[in-house]
Amino acid sequence: GTIADIKRAPKGIQKFTMHIKKVEKFRDYPFSGGNYLDKTVEIFSEIGIPDTFSAGTHITVLLRVSGDEHGQYLFLVEVIENEEND
């Protein structure tokens, strides 16, 4: 997807928004992200946000979906690919 906005914090949970352009199954993780395709979503990060992330950057990330039918949250698990802006 493409990063839309970032909210960095000196400590604690950080967040950024991303427009999801493609969703696919990854390794042996359960697939549950189809309903996020073509949407701009808020992603939380307990592991920090790489300095190379900025608005407009195209990234491929592994996300964890947490929650239930009443509400879900997306968490950054791993950065797979980060295409830095020139």
Side-chain angles (χ1 to χ4, degrees):
T2 302
I3 296 174
D5 189 33
I6 297 176
K7 301 280 189 266
R8 286 190 167 87
K11 60 183 177 178
I13 295 178
Q14 300 180 31
K15 60 184 173 181
F16 63 98
T17 53
M18 180 177 82
H19 182 76
I20 297 181
K21 295 181 179 179
K22 184 177 180 183
V23 177
E24 59 187 44
K25 183 167 176 38
F26 186 72
R27 296 183 190 147
D28 60 346
Y29 292 98
F31 180 76
S32 61
N35 57 328
Y36 295 103
L37 185 62
D38 252 352
K39 294 187 175 153
T40 299
V41 297
E42 191 169 62
I43 299 170
F44 296 91
S45 176
E46 298 171 313
I47 60 172
I49 297 173
D51 292 337
T52 54
F53 277 25
S54 62
T57 301
H58 300 285
I59 58 173
T60 302
V61 292
L62 175 62
L63 301 175
R64 172 176 49 93
V65 178
S66 181
D68 57 24
E69 65 276 2
H70 301 292
Q72 295 185 334
Y73 300 93
L74 298 174
F75 285 87
L76 177 65
V77 173
E78 180 182 346
V79 178
I80 308 299
E81 187 175 347
N82 182 358
E83 300 173 14
E84 294 182 46
N85 288 336
D86 294 331

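Along the sequence shown, residues carry numbers from 1. These numbers were taken from a predicted model, which means no experiment stands behind them.
Counting only heavy atoms from C-beta outward, the side chains of Val79 and Phe53 approach each other to under 4.5 Å. Taking 4.5 Å as the limit, every side-chain heavy atom of Met18 sits out of range of all side-chain heavy atoms of Leu74. Side-chain contact between Val41 and Ile20 is present, with at least one heavy-atom pair separated by less than 4.5 Å. In this structure the side chain of Phe16 never reaches within 4.5 angstrom of the side chain of Thr57, judged on heavy atoms.
Across all non-hydrogen atoms, the minimal contact from Ala55 to Ala4 is CB-O, 3.6 Å. Contact between Leu76 and Ser45 at its shortest, heavy atoms only, is CD2-OG, 3.8 Å. Taking each heavy atom of Thr2 and Lys21 in turn, the nearest pair found is OG1-NZ, 2.9 Å.
Among residues at least two apart or in separate chains, salt bridge (Lys or Arg N to Asp or Glu O under 4.0 Å) pairs with a member in residues 27-39 are Arg27-Glu78.
When the shell of 6.0 Å around CG of Asp51 is examined, it contains 12 or fewer heavy atoms from other residues, nucleotides or ligands.
Taking CG of Asp5 as the reference point, atom OG1 of Thr40 lies at 11.0 Å (rounded to 0.5 Å). A distance of 9.5 Å separates CD1 of Ile49 from CD1 of Ile43, quoted to the nearest 0.5 Å. The structure places NZ of Lys15 at 13.0 Å from CD1 of Ile6, a figure rounded to the nearest 0.5 Å. Considering NZ of Lys22 and NE2 of His58, their distance stands at 14.0 Å, rounded to 0.5 Å.
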Steps toward side-chain contact (heavy atoms from CB on, under 4.5 Å) verdict (Leu63, Tyr36): CA-CA 11 Å; Leu63 301 175; Tyr36 295 103; over 6 Å; no
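No donor-acceptor pair under 3.5 Å is formed between the side chain of Glu46 and the backbone N or O of Ile13.
Residues Val61 and Tyr73 do not share a hydrophobic cluster, defined by chaining ILVMFWY side chains whose heavy atoms lie under 4.5 Å apart.
Note: Phe75 and Phe44 have tilted aromatic rings, judged against thresholds of 30 and 60 degrees for the angle between ring planes.
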